[in-house]
Amino acid sequence: MTDTTTVPNDLNAFWMPFTANRQFKKQPRMFVGAKDMHYATADGREVLDGTAGLWCCNAGHCRPKITEAIQKQAAELDYAPAFQMGHPKAFQLATRLTDISPKGMDHVFFTNSGSESVDTALKIALAYQRVKGEGSRTRLIGRERGYHGVNFGGISVGGIMPNRKMFGTLLGGVDHLPHTHLPDQNSFTRGMPEHGANLADELERIVAVHDASTIAAVIVEPVAGSTGVLIPPKGYLQRLRDICTKHGILLIFDEVITGFGRLGSPFAAQHFDVMPDIITTAKGLTNGVIPMGAVFVRDEIHDAFMTGPEHLIEFFHGYTYSGNPIASAAGLATLETYEEEGLLDRASDVGQYWEDALHSLKDAKHVIDIRNIGLIGAIELEPIAGEPTKRAFSCFLDAYERGLLIRTTGDTIALSPPLIISKDQIDQLVDTLRTVLNEAD
Ligand SMILES: Cc1ncc(COP(=O)(O)O)c(C=O)c1O
């Protein structure tokens, strides 16, 4: 039964982001509540969350410690100016974050989203090259199929065509590495694929075209999510690191989805044992509850800015809500929840079970590839001829009707459940998907 107190009677005004607006408004899917692993729908059903919201609610939903922290902070100090003023919780959160960040990355710049973290990281990279006397390094290198949010810096280094083609010429001086998706060689790989490390060598080709003295930074997602989950080939990230080091190019890992335990370590950098110079995060930082992002930088980068007269601003960048008190309180409570429940390691403990369960779908209808790492999974479907994305979208709608939230990008089903998912819930997720796939046209 539809609850008329929670369902609006006019859906027209809200232009929804990254949504098929007309389809949605004809057949709305409304969440009105959430607890732990489940959403509650407006028509009174429970939906198992296979996506941690949008890769952000790593501790599950409406966790008491986080809720209480936000309530208390809102009543105590709602807002403090972010420029030239401070409040204790932003400093406490930054310090707590550096307890779990890779060694030597002891400085944090706060933003409000993944997109802002990416643009902040690109600006830090450019400005750093300049303050250390290498102002000719202005080029930025991204990767085909990369997703780095939706701001102009992010879509310029990003490599997903529909996110770029409507928006003019974007930033100049950007080049792209090839993506690492090699289905002929790597399909149905469990974990990291064998083939493709050599694709990192394309950076040498780009250096040969432009000269290293013109390149400021390379940005990649250690595991690409939005493009359909691409897991780095064995050795690929280290090779990229080595080439960057050789040529004085900064390496940025965009960890907006891999940060905060998704792979079984606080960050992908630790999981893969490859240290970038800058890490971008958001999402899991506050368990998705309040918008917040954070950019981690190596100490040398931070320290390079701390020169000149002390009354002068060192870096002309920041947001009204950088380190917002309520977001900071949410971040602190989120980190406590992760720590108390061992969630930053949990993807390692349950990873094998997750992998086996996902790969049991190999023989389901339409499946052409399955990929997994940590608590991430992808099931790629054969597209309907002439109608790309339609099959996966139908599966998304059917799964929702059957009580499971999945996410689709192109014809790939991407899965990233909260890190609290139980083995029984993994079984339920996979069983529901099997039914959905086998019944799909
Ligand atoms: C790797 C990556 N970077 C950046 C972003 C953008 O984050 P936001 O939507 O918070 O701006 C995302 C979002 O999914 C992401 O996956």
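Just so you know, ligand 1 is whichever comes first in the structure, and atom 1 is the first atom listed for that ligand.
- The Ile257 neighbourhood of ligand 1 comprises atoms 16 (O), with distances under 4.0 Å to a heavy atom of that residue.
- Applying the side chain to side chain donor-acceptor pair (under 3.5 Å) rule to Gln428 yields no partners; only residues at least two apart in sequence or on another chain are considered.
- Relative to the six-membered ring of Tyr400, Arg45 meets both conditions, a distance below 6.0 Å and an angle of at most 45° to the axis.
- Looking at Val256 next to ligand 1, no N or O pair under 3.5 Å apart turns up.
- Contact atoms of ligand 1 toward Ser113: 10 (O), 11 (O) (distance under 4.0 Å to a heavy atom of the residue).
- We find that Asp242 and Arg239 are not joined by a salt bridge, their nearest charged nitrogen and carboxylate oxygen being 4.0 Å or further apart.
- Taking each of Tyr147, Phe253, Phe18 in turn, the one with a heavy atom nearest to atom 1 (C) of ligand 1 proves to be Tyr147.
- The structure places CD1 of Ile252 at 9.5 Å from SG of Cys244, a figure rounded to the nearest 0.5 Å.
- Under the 4.5 Å side-chain criterion, counting only non-hydrogen atoms from C-beta, Leu332 is in contact with Lys89.
- For Thr334, there are no side chain to side chain donor-acceptor pair (under 3.5 Å) partners, not counting sequence neighbours.
- Of the protein's non-hydrogen atoms, Gly149 N, 3.5 Å is the one closest to atom 4 (C) of ligand 1.
- Here the protein heavy atom with the shortest distance to atom 10 (O) of ligand 1 is Gly114 N, 2.8 Å.
- Contacts between Lys283 and ligand 1 below 4.0 angstrom, taking non-hydrogen atoms only, involve the side chain exclusively.
- In this structure, Lys72 places its NZ atom where only 12 or fewer heavy-atom neighbours from other residues, nucleotides or ligands lie under 6.0 Å away.
- Heavy atoms of Glu221 found under 4.0 angstrom from ligand 1 belong exclusively to the side chain.
- Comparing Ser115, Cys56, Ser416 against atom 11 (O) of ligand 1, the shortest heavy-atom distance belongs to Ser115.
- For ligand 1, the polar-atom distance check against Asp254 finds a nitrogen or oxygen pair separated by under 3.5 Å.
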